[in-house]
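For the numbers below, each heavy atom of this structure counts, side chains included, while hydrogens, waters and symmetry mates do not.
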Amino acid sequence: MPLLPGVQRLIDMASDGPSLADIPIQQARLQLDTLAASFGPGDRVGSTSDIDIPTPSGTVRARVYHPEETSDLPPLLYFHGGGWSVGGLSTSDALCRKLTARSGGVVVNVDYRLAPENPYPAAVEDALAAAAWLSRNAADLNAGGPGILVGGDSAGGNLAAVVAQASRSTDEFTVRAQLLICAAVNLCHRRGSYVEFAKGYFVSTSEFEHWISLYAPDQDLSDPRLSPAAATELAGTPAALVVTAEYDPLRDAGEEYARALRAAGVDVSLFRVDGQVHDFPVLGDLIPEGDTAVDAIVDRWRALLAGGPEVNSA
């Protein structure tokens, strides 16, 4: 389908300014934080609190969201997008509030270390430490169980997929399911939608290449801790809701990963949202049509957790 009207307005607005890849990293971070004020307040939740999560390298900040009414859902450990180099608690705040209010579950939004000051594997180490911490402390947060949930958008979806795969070989945490929103699951993918939507669709592939170069310089991008889709063994991976956008350069890589997981016997719900661009759920009020899609995402998420994934074979 054509780009949705709200998406086209966003693209037109973004075309008037410089690419985040063409300005200094501190300026890019400030620009994104400023833009986040336009995402809207999100939904009303019961309470929020900012905490520090201990890691082997020190601590990372996190924000805990409690729903107005508690449920038996395990807590969702959420990782924000931003190319592993920009973004933070403010950029994912509105979406985390929506996920909390509409799912009824506790959400923990993690402010992991950013590149280039802290390149790979810093973000992965923080993500794994946060998963272990949440597993130990879920009861203190009045969260349900058993196990934990992981999720994220774009680069954060990459980290969520890495944590989900790692859960198969650790006794520090158990991941019940993963929510991957426009996730960067294959940093080697250079075909299909990556070529078709390389420029002019809000986020360009040149920007993706820039973020990858900051996050993983001189690294083997086929390492599954960088490209989860490159893993040769996917059996036993936690159930997944994979959300893609029609006009996202990362669309095909995400959908290929969903199909590979399904072929390995994993419960998968694949949901392509037509007319949308990369990371649309995060953008809140900037794309009014995206709010209805968030409702659909939560519905599919709850269905997956209930053991009956609703599969869209896009």
Side-chain angles (χ1 to χ4, degrees), residues 21 55-57 60 77-87 110 112-132 150-175 178-195 203 205-238 240 242 244 248-264 266 268 278:
T55 72
S57 300
V60 293
L77 189 67
Y78 195 86
F79 305 106
H80 67 82
W84 306 274
S85 301
V86 298
V110 181
Y112 54 88
R113 287 175 292 167
L114 300 177
E117 300 91 337
N118 299 284
Y120 172 84
V124 170
E125 292 171 348
D126 289 349
L128 293 170
V150 295
D153 60 277
S154 193
N158 169 281
L159 296 175
V162 169
V163 171
Q165 288 190 8
S167 71
R168 298 176 298 173
S169 58
T170 182
D171 58 4
E172 292 193 303
F173 55 88
T174 299
V175 173
Q178 53 186 317
L179 171 60
L180 308 181
I181 301 173
C182 301
V185 292
N186 189 344
L187 307 192
C188 303
H189 193 278
R190 301 290 186 278
R191 60 187 185 278
S193 61
Y194 198 82
V195 176
V203 179
T205 55
S206 63
E207 289 173 317
F208 286 125
E209 298 295 331
H210 174 68
W211 304 131
I212 292 170
S213 72
L214 294 181
Y215 176 56
D218 304 317
Q219 297 288 336
D220 177 6
L221 298 183
S222 66
D223 182 335
R225 297 217 311 173
L226 285 166
S227 294
T232 56
E233 180 55 66
L234 295 174
T237 303
V242 179
T244 63
D248 185 357
L250 303 188
R251 183 197 71 196
D252 287 357
E255 293 179 1
E256 288 174 13
Y257 186 50
R259 289 190 285 269
L261 288 170
R262 189 180 297 141
V266 177
V268 176
H278 182 72

Side chain to side chain contact (heavy atoms under 4.5 Å, CB included), that's the test. Do Gln165 and Leu234 meet it? Break it down for me.
CA-CA 8 Å; Gln165 288 190 8; Leu234 295 174; 3.7 Å; yes
Between Thr237 and Gln178, does a side chain to side chain contact (heavy atoms under 4.5 Å, CB included) hold up when you go through it step by step?
CA-CA 9 Å; Thr237 303; Gln178 53 186 317; 3.3 Å; yes
Audit row: Leu226, Tyr215, side chain to side chain contact (heavy atoms under 4.5 Å, CB included) steps and yes/no:
CA-CA 10 Å; Leu226 285 166; Tyr215 176 56; 3.5 Å; yes
Separation between OG (Ser154) and CZ (Phe79), nearest 0.5 Å, reads 14.0 Å
Search all heavy atoms of Ala127 against all heavy atoms of Leu77 and return the closest pair with its distance.
O-CD2, 4.1 Å
Do Asn118 and Tyr112 make a side-chain contact, defined as non-hydrogen atoms from C-beta onward lying under 4.5 Å apart?
no
Interatomic distance, CD1@Ile212 vs SG@Cys188, rounded to 0.5 Å, equals 8.5 Å
Please check if the side chain of Arg251 supplies one atom and the backbone of Gly192 the other of a donor-acceptor pair under 3.5 Å.
no
Just how far is it from atom CG of Leu180 to atom CG of Asp153, taken to the nearest 0.5 Å?
10.5 Å
Hits for salt bridge (Lys or Arg N to Asp or Glu O under 4.0 Å) against Glu209, two or more places apart or cross-chain, chain-then-number order -> Arg190
Which residues share a ring pair (Phe, Tyr, Trp, His ring centres under 6.0 Å) with Tyr194, sequence neighbours left out:
none
Any side-chain heavy-atom pair from Pro56 and Glu125 closer than 4.5 angstrom?
no
Going by the rule ring pair (Phe, Tyr, Trp, His ring centres under 6.0 Å), which residues pair with Phe173 if we only count those two or more places apart in sequence or in a different chain?
none
Could you tell me which residues satisfy salt bridge (Lys or Arg N to Asp or Glu O under 4.0 Å) with Arg225, sequence neighbours excluded, listed by chain and number?
none
Verify, without hydrogens or angle tests, whether Ser193 (side chain) and Asp252 (backbone) share a donor-acceptor contact under 3.5 angstrom.
yes
Is the side chain of Ser57 donor-acceptor paired with the backbone N or O of Thr55 at a distance under 3.5 Å, no angle test?
no
With side chains defined as the heavy atoms from C-beta onward, is the minimum distance between Leu250 and Thr244 less than 4.5 Å?
no
Under the criterion side chain to side chain contact (heavy atoms under 4.5 Å, CB included), I'd like the reasoning laid out for Leu187 against Phe208: C-alpha separation, chi angles, the key distance, then a yes or no.
CA-CA 9 Å; Leu187 307 192; Phe208 286 125; over 6 Å; no
Quick one: closest heavy-atom pair of Glu207 and Ala21, and the distance?
CG-CB, 4.0 Å
With sequence neighbours excluded, tell me which residues meet side-chain hydrogen bond (donor to acceptor under 3.5 Å, both in side chains) with Ser206.
Ser204
Residue list, salt bridge (Lys or Arg N to Asp or Glu O under 4.0 Å) with Asp248, at least two apart or on another chain
none
Quick one, Glu255 and Val242 - any side-chain contact, counting heavy atoms below 4.5 Å?
no
Looking at side-chain heavy atoms only, is the closest gap between Tyr78 and Ile181 below 4.5 Å?
yes
So do the side chains of Val163 and Leu128 get within less than 4.5 Å of each other, counting heavy atoms only?
yes
Answer whether the closest heavy-atom distance between the side chains of Val110 and Val60 falls below 4.5 Å.
yes
Pro228 and Asn158, any side-chain heavy atoms less than 4.5 Å apart:
yes
Closest contact, heavy atoms only, Ala160 versus Val150:
O-CG2, 3.6 Å
Nearest 0.5 Å, please: how far is CZ in Arg191 from CG in Asn186?
7.0 Å
Please report the interatomic distance CD(Glu256) to CZ(Arg259), rounded to the nearest 0.5 Å.
6.0 Å
